[in-house]
K.L.:
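Let me give you the structure first, and then I'll get to my questions.
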Amino acid sequence: MIYIKSKEEIALMKKAGQITKGALQKAIEAVKPGIKTIELDKIAESFIRKCNAIPSFYRYNGFPMHICVSVNDEVVHGIPGNYVIQEGDIVSIDCGACYKGYHGDCADTAFAGTVSEDAKKLVDATRESFFLGMKQAVAGNRVGDISAAIQTFIEGNGYSIVRDLEGHGIGANLHEGPSVPNFGTPGKGPKLMPGMTIAVEPMVNLGKYNVYLDARNDWTFKTLDRSLSAHYENTILITDGEPVILTTL
Ligand code: MG
Ligand code: MG
């Protein structure tokens, strides 16, 4: 189901987005060699609760923690725990917060100490693909225009875009319509309308696009070829003009 949000709903989503981005930023800034991923979870959780919001991911479909922390070949849905971050790791953090019934959702990938040139370029390309996708998120365009912009840029740079996971509508539900794949055909898919709020989230692999679900926890997706993977996400609002990022400080 696709929902067009009212002015009041959009105001709440802005607040939720601000809290979500704040929590993400705190966790991203804390990434360094020697810190455990569960400590990043605590940092984000306490920030969200201090803002009188609720961590959206906690117990969502049974997810046990408050944020997702996905290291190196982990694509998304890494579960914070006792893993100690190592020099050279790339650390994707995905954060969601619910404020007065409305959700924000955003993700970014941080570096622990000095990382490889390959890793830096991968993360830069992932972030850039989001902004190219967002440029297409204007009223009258279709979801496929966003998808194609991301795919064209990523594949043009020699990376691959994950196909088994995608962006989504967001609002009173963490996940709602429409699906926002990161690959597709321009002019295809649902039409974008002012008041729609979507999470655009390219997941990009250094190697092939294939991923698998880690059977040890039934949550974490990893690259099949064990190559590095990066993630970048924001919740955005479709307007009469330019799209607006809601997950911003
Ligand atoms: Mg997310
Ligand atoms: Mg999302």
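Remember, it's 1-based here, ligands and their atoms both numbered in the order they're listed. Treat the numbers as computed from the prediction; the structure is a model and nothing was measured. Positions are given from 1, in the same order as the sequence printed here.
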K.L.:
Regarding Arg163 and Glu155, does a basic nitrogen lie under 4.0 Å from an acidic carboxylate oxygen?
P.N.:
yes
K.L.:
Hey, are Glu176 and Lys5 close enough for a salt bridge, meaning a charged N less than 4.0 Å from a carboxylate O?
P.N.:
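Yes, Glu176 and Lys5 are salt-bridged.
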K.L.:
With side chain to side chain donor-acceptor pair (under 3.5 Å) as the rule and sequence neighbours excluded, what pairs involving residues 24-42 come up?
P.N.:
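Counting only pairs at least two positions apart or across chains, the side chain to side chain donor-acceptor pair (under 3.5 Å) contacts touching residues 24-42 are Asp41-His66.
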K.L.:
Kindly state whether the ring of His175 and the ring of Tyr60 have centres lying under 6.0 angstrom apart.
P.N.:
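Between His175 and Tyr60, the centre distance is under 6.0 Å.
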K.L.:
Measure from the Mg ion (ligand 2) to every N/O/S atom of His168 and report the name of the nearest one.
P.N.:
NE2
K.L.:
What's within reach of the Mg ion (ligand 1), meaning protein N/O/S atoms under 2.8 Å?
P.N.:
Asp94 OD1, Asp94 OD2, Asp105 OD1, Glu233 OE1
K.L.:
Are Asp225 and Lys208 within salt-bridge range, i.e. N to O under 4.0 Å?
P.N.:
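No, this pair does not count.
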K.L.:
So that I can tick it off, tell me whether Glu45 and Arg49 are bridged by a salt bridge, with the cut-off set at under 4.0 angstrom between side-chain N and carboxylate O.
P.N.:
yes
